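Naming convention: chains lettered A, B, ... in sequence-line order (proteins, then strands); numbering from 1 in each chain. Being a predicted model, the structure only gives us computed values, none of them experimental.
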Protein chains: 2
Amino acid sequence: MYTALLQHIRKYVTLTEDEAALICSKLKALEIKKKGFLLSPGKMCRANYFVSKGLLRLYIINQKGHEQITHFGLEGWWLTDYGTLDSQQPTRVYLQAVEDTEVIAWDTPTQEALIQAIPQLDTYFRKVLQRAYAAAQRRIEFIYCYTDEERYRYFSAYFPEFIQRVPQYMLASYLGFTPQFLSKIRAKKTSP
Amino acid sequence: MYTALLQHIRKYVTLTEDEAALICSKLKALEIKKKGFLLSPGKMCRANYFVSKGLLRLYIINQKGHEQITHFGLEGWWLTDYGTLDSQQPTRVYLQAVEDTEVIAWDTPTQEALIQAIPQLDTYFRKVLQRAYAAAQRRIEFIYCYTDEERYRYFSAYFPEFIQRVPQYMLASYLGFTPQFLSKIRAKKTSP
DNA sequence: GTCTTTTCTTAATCCTGATTAACTTTTCTT
DNA sequence: AAGAAAAGTTAATCAGGATTAAGAAAAGAC
């Protein structure tokens, strides 16, 4: 159950068996059924979630009343609303399972206690966050430098398995355009 | 010279005088004249920069040959090309001073050595990265949920001093549109 | 296995912002 | 102070995607 998490941590730092056992004893794995929610607007965001199996999406409802997906969380990713994590503010986001999903929830007091007990975890989270931030930097570049169609072409060329896994309207939302437009550009390619 | 940096670190963790002195002794402050470069395409990105005075911009040249600004670095911000930091890949970005600027460069071996010597720095960088990532998450939401004009209006309402500080074409680039469009929406507001 | 809900497609029209180009103003340089 | 370069403006035309609406197909529910 915690294998994926421990494996992930050990890609960055070394853990003794005792330390691994301590981590497992303090955390709880959660199973979320497809379309179940970990967060929804008005709730307090109190944990960071490691996806050990399945797929999450983070989205908000925009001014026009449409869902706007801003992040996906695949196996091996950390996902939460960092903007309100540990603040006194309720979240404005939805965090929902796209498939039956298993996550390991780290609420902040537990995370801080584990970091105290196992200082390598400080390094682990620092490195994970640096990678996540690097990815976000690249994504902003990607959004600004390419058209919607180019971003879709790139995505389907580089992540064909992912495209299979999510409904098209979610992919369209994540890439920042409408499902109708996605249909249009898909039709364009397969016709000749 | 290092006051801004030490103050920043002390917002997150406590440092003894000895530790502060150690940090200062290992790092070097750099002065970059307006329009000077810290990085340009083909160079290796070997350091993370803390802006203690002035303003940096990070940009790339897109397919059409135009500058696309993806990040600004004001006083108290960390900025670098995390995508290639410490990789064997040369960077593709420009990191340039918008004004005469002073930065404190942390190359990675020095950073790692200081973290070894002063474990609180692990926590410091983790927290700084978490804040930076939270900001990036919000920015992606901002880009996707608002039109170009709305983003400009928001920006000028919330960061009026910043708007004064950068040429309009840089602001337009950062917000993802053309200088012509910015002229247009500015004219619109002041006319009635 | 039918009925319902969800997802995907197609097409017409509309709108936001890009492009191009010419011009004005401001800022550097010497 | 004069000239050159950089930055900002205006306007006409164009294009990439949104919107709206209706229908088709696929997936779930019972």
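In this view, A/Phe162 and A/Phe72 satisfy the ring pair (Phe, Tyr, Trp, His ring centres under 6.0 Å) rule, not counting sequence neighbours. Remark: B/Phe155 pairs with B/Phe159, B/Tyr174 by the ring pair (Phe, Tyr, Trp, His ring centres under 6.0 Å) rule, at least two apart or across chains. With sequence neighbours left out, the ring pair (Phe, Tyr, Trp, His ring centres under 6.0 Å) criterion links A/Phe50 to A/His8, A/Trp78. Residues passing the side-chain hydrogen bond (donor to acceptor under 3.5 Å, both in side chains) test with A/Thr110, sequence neighbours excluded: A/Asp107.
For B/Ser183 (side chain) and B/Gln180 (main-chain N/O), no donor-acceptor pair under 3.5 Å exists by modelled atom type. Although no hydrogens or angles enter the test, the distance criterion places no donor-acceptor pair under 3.5 Å between the side chain of A/Thr91 and the main chain of A/Lys43.
Through ILVMFWY side-chain contacts below 4.5 Å, B/Met44 is grouped with nothing and stands alone.
Not one side-chain nitrogen or oxygen of A/Arg186 sits closer than 4.0 Å to the OP1 or OP2 atom of C/dC8. Side-chain nitrogen and oxygen atoms of A/Lys184 include none within less than 4.0 Å of the OP1 or OP2 phosphate oxygen of D/dA18. Within the 4.0 Å cut-off from OP1 or OP2 of C/dA18, at least one side-chain nitrogen or oxygen of B/Thr178 is found.
Paired runs in DNA chain C that reach 3 or more consecutive Watson-Crick or G-U pairs, where each pair keeps both distances under 3.5 Å, cover C:1-30 with D:1-30.
Residue pairs that meet the salt bridge (charged side-chain N to carboxylate O under 4.0 Å, His left out) test with at least one member in residues 128-145 of chain A, sequence neighbours left out, are A/Glu141-B/Arg92. Note on residues 4-29 of chain B: pairs passing salt bridge (charged side-chain N to carboxylate O under 4.0 Å, His left out), not counting sequence neighbours, are B/Arg10-B/Glu17.
Residues of residues 138-148 of chain A that place a heavy atom closer than 4.0 Å to DNA chain D, in numerical order, are A/Thr147, A/Asp148. Against DNA chain D, the stretch residues 159-171 of chain B makes heavy-atom approaches under 4.0 Å through B/Pro167, B/Gln168, B/Tyr169.
One atom, CD1 of B/Ile185, and another, C1' of C/dT16, lie 11 Å apart when rounded to the nearest Å. Across the protein-nucleic acid pair, B/Phe181 atom CZ and C/dT20 atom C1' stand 17 Å apart, rounded to whole Å. Between A/Tyr152 atom OH and D/dG17 atom P there is a gap of 14 Å when expressed in whole angstrom units. The distance between atom CD of B/Glu149 and atom C1' of C/dT16, rounded to the nearest whole Å, is 10 Å. Nucleotide D/dT10 holds its P atom 12 Å from the CG atom of B/Leu182, rounded to whole Å.
Between A/Phe181 and A/Tyr152, the gap from one ring centroid to the other reaches at least 6.0 Å.
Counting only heavy atoms from C-beta on, A/Lys35 has its side chain closest to C/dT6 among C/dT6, C/dT9, D/dG17.
Ring pair B/Tyr124/B/Tyr12 is perpendicular by interplanar angle, where above 60° counts as perpendicular and below 30° as parallel.
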Sugar-phosphate means primed atoms, P, OP1 and OP2; the rest is base. With that split, encode nucleotides 21-30 of chain D 5' to 3' as B, S or - using protein heavy atoms under 4.0 Å. B------S--
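Using modelled atom types and a 3.5 Å distance limit, the side chains of B/Asn48 and B/Tyr82 yield a donor-acceptor pair.
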Just distance, no hydrogens or angles: give the donor-acceptor pairs under 3.5 Å from side chains in residues 94-105 of chain A, sequence neighbours left out.
unit_1	atom_1	unit_2	atom_2	d
A/Gln96	OE1	A/Arg57	NE	2.9
A/Gln96	OE1	A/Arg57	NH2	2.7
A/Gln96	NE2	A/Lys35	O	3.2
A/Glu99	OE1	A/Arg165	NH2	3.1
A/Glu99	OE2	A/Arg165	NE	2.7
A/Asp100	OD1	A/Lys34	N	2.8
A/Thr101	OG1	A/Leu55	N	3.0
A/Thr101	OG1	A/Leu55	O	3.2
A/Thr101	OG1	A/Glu99	O	2.6
A/Glu102	OE2	A/Ser52	OG	3.3

